[in-house]
Amino acid sequence: MHVTVEVAGEETHEVAVGEDATYAEVVESLDLSPHAVSVMVEDRTVPTDQPVDSDHVTVVRLIKGG
């Protein structure tokens, strides 16, 4: 399965994941921690331990250094 991952305010990535992958695995594939982001599907937050059921997600960083 291919998922388009938009990191809010940053880049968009194409990620290949297994059919039973979770949103946490999608986030980790971008070298991000599931604990430091929120994952959104169609403008609603989804749990990172939920299986991926969308081909487009938005990742919002909760903490960003500067």
Side-chain angles (χ1 to χ4, degrees):
M1 165 183 240
H2 290 280
V3 180
T4 301
V5 183
E6 176 186 347
V7 180
E10 299 179 28
E11 298 179 348
T12 300
H13 306 270
E14 293 290 326
V15 177
V17 294
E19 292 298 320
D20 60 345
T22 63
Y23 288 108
E25 292 173 89
V26 171
V27 169
E28 289 168 346
S29 73
L30 300 175
D31 290 328
L32 298 172
S33 169
H35 304 289
V37 301
S38 284
V39 177
M40 301 182 74
V41 174
E42 297 178 7
D43 295 327
R44 64 183 169 80
T45 304
V46 295
T48 56
D49 62 351
Q50 178 177 316
V52 177
D53 63 355
S54 177
D55 61 355
H56 187 273
V57 300
T58 301
V59 173
V60 178
R61 289 182 187 253
L62 301 177
I63 302 170
K64 189 170 184 177

- request: Please collect all side-chain hydrogen bond (donor to acceptor under 3.5 Å, both in side chains) contacts where either partner lies in residues 46-56, sequence neighbours excluded, each pair once.
  value: Tyr23-Asp53

Output a table of donor-acceptor pairs, distance under 3.5 Å, between side-chain atoms of residues 24-42 and any protein atom two or more places apart or on a different chain; print 'none' if there are none.
{"residue": "Glu25", "atom": "OE2", "partner": "Thr22", "partner atom": "N", "Å": "2.8"}
{"residue": "Glu25", "atom": "OE2", "partner": "Thr22", "partner atom": "OG1", "Å": "3.3"}
{"residue": "Ser29", "atom": "OG", "partner": "Val26", "partner atom": "O", "Å": "2.6"}
{"residue": "Ser33", "atom": "OG", "partner": "His35", "partner atom": "N", "Å": "3.1"}

Closest approach of Glu10 to Arg61 (non-hydrogen atoms, all atoms of both residues): OE2-NE, 2.8 Å

- prompt: Measuring from Glu6:CD to His13:NE2, what's the distance to the nearest 0.5 Å?
  reply: 10.0 Å

- prompt: Is there a path of hydrophobic side-chain contacts, each under 4.5 Å between heavy atoms of I, L, V, M, F, W or Y residues, that connects Val15 with Met1?
  reply: yes

Partner residues of Glu14 under the side chain to side chain donor-acceptor pair (under 3.5 Å) criterion, sequence neighbours left out: Thr4

